[in-house]
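Here is how names work: the chains are called A, B, and so on, in the same order as the sequence lines, proteins then strands, and each is numbered from 1.
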2 protein chains.
Amino acid sequence: MRVLKFAILGLLEQDKMTGYDIAAAFKGALGQFWSAKHSQIYPELKKLVVEELIAFETVIQGEKLEKKLYSLTAKGTAELMDWIQRVEAVNVSNKDEFMLKTYFIAAMDKQEAQQLFSNQLNSRQRKLEKLEQILTELEAEQKAPIHFSSPEFGHYLVLTRAIEREKGYIQWLERSLALME
Amino acid sequence: MRVLKFAILGLLEQDKMTGYDIAAAFKGALGQFWSAKHSQIYPELKKLVVEELIAFETVIQGEKLEKKLYSLTAKGTAELMDWIQRVEAVNVSNKDEFMLKTYFIAAMDKQEAQQLFSNQLNSRQRKLEKLEQILTELEAEQKAPIHFSSPEFGHYLVLTRAIEREKGYIQWLERSLALME
DNA sequence: AACGTCATGTAACTGGTTACATGATTTG
DNA sequence: CAAATCATGTAACCAGTTACATGACGTT
């Protein structure tokens, strides 16, 4: 389906950027729901240039470091807009190795299971704290309450979804641990 | 990481089964968190036989249909037990194309966004209904309340997680729609 | 001068999907 | 007897990760 293609087009619609910047964007809140390594990004950028969906200008940073600033072409914008409105089927399998282990809980003894779940609970709680901190910072930067036309609305929605997802996971882990006594 | 390998070992630990049965297992609740197509399963089974983690006996179904019933070897059981206790880092990026679109909501107009969200809300609600129906059936089969030693405990935990995950997603969609007025 | 970050690329491999291909069995 | 399901396999391709490789820039 080439989703990375659209991830790149979407990022470039927001701003001109380099391949490195795109990789950096995947390290933020967006990365909770989509990401790619630079080794996948650079070849994809070359492909998109050939397809004329993006173009680049070479910029000199400092003395001689060349970097490529990519931007959307009209054709690229059109393809992005087409994809963004497209209704896709909800993907069934969101792979989660911990849930796979959970399915096989009958192969564990009670202590093992409790340790595994406690451990997961701990990791998830630490992850939640980090996400909540990012939200606090995002809200602090905002003057007015966030609404549809705020430039940070997309970022805000994705962050709140990531946070609620972790909270849901944590609650389920706690309830499951309680079920094991 | 060869997670499919462990998915297969885990399923075979529960019962002897064919490649077809394994594919069928991925269509149930387990498939919400892990799955594979038969075209990936059959070569993996062959590989696991070579590695001596599983073995098979050929069974004749009806007149002449040969099917291969796979089962765990002692070595396979040992590897499964090793994996099941192993603590892995929480995977960051759980890919979700809808959330990627959400991140780019600034590229949509309000009506477009509302339609996309309403649509997703609808799909998720239908999915939730199906999952809740499966849970109802599972609970009906149970005589005593489900607890750690119930043979269906793993199935139950995975199902409840899938249900709560959908509920969380739905709530977020509703709250997001409300934020758009 | 050393270290961390910015910046770009390729090669080899692994994981996963789509499509091709075949045939037996069961159920309506 | 037709259609759905059971059952097994391969080939080609696409997506994604790990490792290899290089070098400039900014800060301490």
Side-chain angles (χ1 to χ4, degrees), chain A residues 1-8 11 15-28 30-31 33-51 54 56-70 88-89 91-97 100, chain B residues 1-8 11 15-28 30-31 33-51 54 56-70 88-89 91-97 100:
Chain A
M1 252 169 281
R2 289 188 69 195
V3 182
L4 175 59
K5 164 180 154 176
F6 298 107
I8 290 174
L11 286 168
D15 209 349
K16 285 181 180 187
M17 56 180 93
T18 66
Y20 188 89
D21 295 331
I22 290 166
F26 289 135
K27 284 176 186 161
L30 174 59
F33 300 102
W34 205 273
S35 73
K37 307 286 164 74
H38 78 273
S39 55
Q40 201 188 354
I41 294 166
Y42 289 116
E44 187 65 33
L45 284 168
K46 289 200 160 178
K47 216 171 166 185
L48 293 172
V49 170
V50 171
E51 294 169 331
I54 65 175
F56 68 91
E57 39 172 332
T58 305
V59 172
I60 307 290
Q61 186 86 341
E63 280 294 282
K64 50 180 163 174
L65 177 64
E66 290 189 353
K67 60 179 189 180
K68 291 174 181 171
L69 262 186
Y70 290 90
E88 251 122 349
N91 57 319
V92 181
S93 170
N94 223 312
K95 295 195 169 182
D96 183 330
E97 197 173 342
L100 181 63
Chain B
M1 255 166 280
R2 288 188 68 196
V3 181
L4 176 59
K5 164 180 153 176
F6 297 106
I8 291 174
L11 285 168
D15 208 350
K16 286 182 178 185
M17 57 180 93
T18 65
Y20 188 88
D21 295 331
I22 290 167
F26 288 136
K27 284 175 186 165
L30 174 59
F33 300 101
W34 206 272
S35 73
K37 306 286 163 77
H38 78 274
S39 55
Q40 202 187 354
I41 294 166
Y42 290 116
E44 187 65 34
L45 285 168
K46 290 201 161 177
K47 215 171 167 184
L48 293 172
V49 170
V50 172
E51 293 169 334
I54 64 176
F56 68 90
E57 38 171 333
T58 304
V59 172
I60 306 289
Q61 185 85 342
E63 280 294 283
K64 50 181 165 175
L65 178 64
E66 289 190 354
K67 60 179 189 180
K68 292 175 180 169
L69 261 186
Y70 290 90
E88 251 122 348
N91 56 319
V92 180
S93 170
N94 222 311
K95 296 196 169 184
D96 183 330
E97 196 172 343
L100 180 62

**Fill in**
The residue, A:Val3 or A:Leu65, whose nearest nucleotide of DNA chain D is more 5′ is A:Val3
**Item:** Length of the line joining B:Leu45:CG and C:dG16:P, which is rounded to integer Å
**Value:** 15 Å
**Prompt:** Which distance, rounded to the nearest 0.5 Å, do you find between the OG of A:Ser35 and the CG of A:Leu4?
**Reply:** 9.5 Å
**Asked** Does the salt bridge (charged side-chain N to carboxylate O under 4.0 Å, His left out) test come out yes or no for A:Lys5 and A:Glu51, once each step is laid out?
**Response** CA-CA 11 Å; A:Lys5 164 180 154 176; A:Glu51 294 169 331; 5.0 Å; no
**Complete:** Rounded to whole Å, the NZ-C1' distance (A:Lys37 to C:dC13) equals 14 Å
**Message:** With a cut-off of less than 4.0 Å, is there a side-chain N or O of B:Lys67 near OP1 or OP2 of C:dA24?
**Reply:** no
**Request:** Determine whether A:Leu69 and A:Thr18 make a side-chain contact, defined as any pair of heavy atoms from C-beta on separated by less than 4.5 Å.
**Result:** yes
**Prompt:** Rounded to the nearest 0.5 Å, what separation is found between the CD atom of B:Gln40 and the NZ atom of B:Lys37?
**Reply:** 9.5 Å
**Prompt:** Given that A:Glu66 and B:Gly62 both sit by DNA chain C, which one's nearest nucleotide is further toward the 5' end?
**Reply:** A:Glu66
**Complete:** Separation between CG (B:Leu45) and CD1 (B:Ile8), nearest 0.5 Å, reads 4.5 Å
**Request:** Let me know the distance between NE2 of A:His38 and P of D:dA21, rounded to the nearest Å.
**Result:** 14 Å
**Atom-to-atom span, NZ of B:Lys27 to C1' of D:dA4 - whole angstrom** = 12 Å
**Request:** Ignoring hydrogens and angles, answer whether the base of C:dT8 and the side-chain atoms of A:Thr18 contain a donor-acceptor pair closer than 3.5 Å.
**Result:** no
**Request:** Check the distance between C:dC20's C1' and B:Tyr42's OH and give it to me in whole angstrom.
**Result:** 15 Å
**Message:** For D:dG16 and A:Gln40 - does any side-chain N or O of the residue sit under 4.0 Å from the phosphate oxygens OP1/OP2?
**Reply:** yes
**Request:** Quick one: label B:Lys5 by what it contacts on the DNA or RNA (base, sugar-phosphate, nothing), any heavy atom closer than 4.0 Å.
**Result:** nothing
**Request:** To the nearest Å, give me how far apart CD1 (A:Ile41) and C1' (D:dT17) are.
**Result:** 13 Å
**Prompt:** Could you state the NZ-C1' distance from B:Lys64 to C:dG23, rounded to the nearest angstrom?
**Reply:** 9 Å
**Asked** Starting at the 5' end of DNA chain C, which residue's closest nucleotide do you reach first, A:Pro43 or B:Ser35?
**Response** A:Pro43
**Asked** So does B:Gln61 get a side-chain nitrogen or oxygen closer than 4.0 Å to the phosphate oxygens (OP1/OP2) of D:dC6?
**Response** no
**Asked** Taking CD1 from B:Ile60 and C1' from C:dT25, how many angstroms apart are they, rounded to a whole number?
**Response** 13 Å
**Request:** Determine: side-chain N/O of B:Lys46 to OP1/OP2 of D:dT10, distance under 4.0 Å, yes or no.
**Result:** yes
